[in-house]
J.: 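Got a structure for you, questions after.
Values in this document were obtained by computation on a predicted structure and should not be read as measured data.
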Amino acid sequence: MAAPSFASSQWIYDVFLSFRGEDTRLGFAAHLYEALCRRGVNTFFDDYEIRRGESISPTLVKAIEGSRCSIIILSQNYASSTWCLEELVKILECSNTMRQLVLPIFYNVDPSVVRKHERTFGEALVKHEKTLKQDMNKVKNWSKALSEVANLAGWNSHKKPEPKFIREIVIEVLKKLFGLYPGDAKCLVEEDSPIQNTEVVPSPHSSTLHIAPGHFDYTEVDDIISQHYSQLVSEMLDSFYI
């Protein structure tokens with residue numbers, strides 16, 4: 001098993017939340033942000049309600065580039081915002097160049113609607129084409145980005161109660177970002193415990209990491225995981241010469 005890279009000093013945030021404010025700011029996005037923060041996941045949440053112009057601010061660019069993972073809440077009016085679309089393009093760019101994790105949430109929309117640019121997504125792109133006749137390449141990039149993100153594995157909110165849906169997302173984020181064993185990640189969420197109050201403990205018989213009560217600071221989690229995997233790889237290499 002190859003050792004994964006954990007460059008904790010590279011990241012400012014664990015998660016960047018991209019969302020359409022008028023759709024989810026005071027509801028789902030805010031509730032997800034609160035749930036992630038409560039478990040010790042350092043999350044960027046843009047709380048500015050008014051955005052001006054077509055380009056995203058340098059602050060958002062820095063936040064996207066400095067996040068280990070971006071969660072994109074694709075709601076019905078997501079594509080009507082040029083800021084959201086610019087965020088999406090930047091997020092996918094960072095995913096390709098910096099291998100950042102991208103996780104889409106299809107919130108009250110079907111992935112195929114996003115992928116095929118149907119309904120509100122198609123209507124928004126047509127409107128952007130009329131407004132930006134002098135910059136059609138930008139609209140093409142937005143269109144391509146929507147199709148690309150719709151093909152990524154993520155979550156669909158269809159017929160799921162919001163509290164249960166948010167728990168499902170937080171458990172998966174803990175597993176993917178911190179390499180936690182599924183049962184441990186579920187325990188953190190169900191017991192409403194923040195990750196910074198836990199210790200990551202290597203299983204003595206496998207490559208699985210478990211968590212247990214302890215006094216480790218949150219910033220040490222990556223180092224513990226990295227050291228554990230480095231030890232595993234070292235042991236594997238040593239076994240080749242026995």
Side-chain angles (χ1 to χ4, degrees), residues 12-13 15-36 43-67 69-97 100-152 154-158 162 165-166 169:
I12 305 171
Y13 301 100
V15 170
F16 178 91
L17 276 185
S18 177
F19 59 92
R20 181 68 167 113
E22 69 178 44
D23 286 352
T24 62
R25 181 187 304 281
L26 301 179
F28 179 77
H31 299 157
L32 177 59
Y33 169 73
E34 181 184 8
L36 289 168
T43 305
F44 181 89
F45 181 92
D46 180 22
D47 56 2
Y48 288 98
E49 295 187 16
I50 300 176
R51 296 178 170 188
R52 304 184 186 281
E54 296 169 7
S55 300
I56 57 177
S57 69
T59 300
L60 288 181
V61 171
K62 183 178 180 181
I64 293 171
E65 292 176 344
S67 297
C69 166
S70 287
I71 295 179
I72 304 164
I73 303 175
L74 294 156
S75 56
Q76 290 185 0
N77 296 302
Y78 185 90
S80 66
S81 167
T82 57
W83 273 57
C84 286
L85 293 172
E86 283 292 278
E87 281 180 7
L88 177 60
V89 170
K90 182 63 180 179
I91 286 168
L92 294 176
E93 175 190 314
C94 288
S95 174
N96 293 327
T97 60
Q100 294 177 359
L101 182 63
V102 178
L103 301 171
I105 297 174
F106 300 95
Y107 186 72
N108 294 333
V109 297
D110 191 90
S112 65
V113 171
V114 181
R115 185 185 307 112
K116 299 176 182 178
H117 311 148
E118 297 175 342
R119 301 177 190 173
T120 56
F121 286 83
E123 293 167 4
L125 289 174
V126 169
K127 184 177 179 179
H128 295 322
E129 287 175 353
K130 293 178 180 179
T131 306
L132 300 172
K133 292 181 179 179
Q134 305 302 319
D135 197 358
M136 291 300 293
N137 284 333
K138 178 172 285 190
V139 181
K140 288 180 180 179
N141 288 336
W142 294 342
S143 176
K144 180 181 177 182
L146 287 170
S147 296
E148 184 176 343
V149 76
N151 285 320
L152 298 178
W155 300 275
N156 193 328
S157 68
H158 183 60
E162 184 175 298
F165 186 47
I166 287 179
I169 294 168

J.: Which pair of heavy atoms, one from Phe121 and one from Ser75, lies closest together, and at what distance?
T.: CZ-O, 3.3 Å

J.: Any heavy-atom pair between the side chains of Leu146 and Leu125 that's under 4.5 Å?
T.: yes

J.: Looking at residues at least two apart in the chain, or sitting in another chain, which of them share a side-chain hydrogen bond (donor to acceptor under 3.5 Å, both in side chains) with Tyr78?
T.: Ser18

J.: Excluding sequence neighbours, so at least two apart, what forms side-chain hydrogen bond (donor to acceptor under 3.5 Å, both in side chains) with His158?
T.: none

J.: Would you mind writing out the side-chain donor-acceptor pairs for residues 102-113 within the sub-3.5 Å range, not counting sequence neighbours?
T.:
{"from": "Asp110", "atom 1": "OD2", "to": "Ser112", "atom 2": "N", "distance (Å)": "2.9"}
{"from": "Asp110", "atom 1": "OD2", "to": "Ser112", "atom 2": "OG", "distance (Å)": "2.5"}

J.: Inspect the contact between Glu65 and Lys62 and indicate whether a charged nitrogen and a carboxylate oxygen are less than 4.0 angstrom apart.
T.: no

J.: Within the side chain of Ser81, is there an N or O that forms a donor-acceptor pair under 3.5 Å with the backbone of Cys84?
T.: yes

J.: If you define the side chain from C-beta out and look only at heavy atoms, does anything of Trp142 sit under 4.5 Å from Glu86?
T.: yes

J.: So, using side-chain hydrogen bond (donor to acceptor under 3.5 Å, both in side chains) as the criterion, who are the partners of Glu118 when residues are at least two apart?
T.: none

J.: Checking Glu148 now: which residues fulfil salt bridge (Lys or Arg N to Asp or Glu O under 4.0 Å) with it, not counting sequence neighbours?
T.: none

J.: Measuring from atom CG of Leu92 to atom OG1 of Thr97, what distance do you get when rounded to the nearest 0.5 angstrom?
T.: 10.5 Å

J.: Between Gln100 and Ser67 (side chain of the first, backbone of the second, donor and acceptor by atom type, cut-off under 3.5 Å), is there such a pair?
T.: yes

J.: Can you list the steps and then say if Glu93 with Lys90 is a salt bridge (Lys or Arg N to Asp or Glu O under 4.0 Å)?
T.: CA-CA 5 Å; Glu93 175 190 314; Lys90 182 63 180 179; 3.2 Å; yes

J.: Contact between Val89 and Leu85 at the side-chain level, heavy atoms closer than 4.5 Å - yes or no?
T.: no

J.: Sequence neighbours left out, what passes side chain to side chain contact (heavy atoms under 4.5 Å, CB included) with Ser80? Give chain and number order.
T.: Arg20, Asn77, Ala124

J.: Counting only N and O atoms by type, is there a donor-acceptor contact under 3.5 Å from the side chain of Thr43 to the main-chain atoms of Val15?
T.: no

J.: How long is the straight-line distance from CG of Leu152 back to CD1 of Ile72, given to the nearest 0.5 Å?
T.: 7.5 Å

J.: So, do Ile56 and Ile64 sit near enough that their side-chain heavy atoms are less than 4.5 Å apart?
T.: yes

J.: Please list all pairs meeting side chain to side chain donor-acceptor pair (under 3.5 Å) that have one or both residues in residues 119-130, counting only residues at least two apart or in different chains.
T.: none

J.: How far does CG of Leu132 sit from CG of Asn137, to the nearest 0.5 angstrom?
T.: 11.0 Å

J.: Decide yes or no for Ile71 and Cys69: does some side-chain heavy atom of the first lie under 4.5 Å from some side-chain heavy atom of the second?
T.: yes

J.: With sequence neighbours left out, what residues match Phe165 under ring-ring contact (aromatic ring centres under 6.0 Å, His included)?
T.: Phe28

J.: Please identify each residue that fulfils ring-ring contact (aromatic ring centres under 6.0 Å, His included) with Phe44, with sequence neighbours left out.
T.: Tyr13, Phe16

J.: Go through the structure and list residues passing side-chain hydrogen bond (donor to acceptor under 3.5 Å, both in side chains) with Asn151, not counting sequence neighbours.
T.: Arg115

J.: Ser147: which residues meet the side chain to side chain contact (heavy atoms under 4.5 Å, CB included) condition with it, sequence neighbours left out?
T.: His117

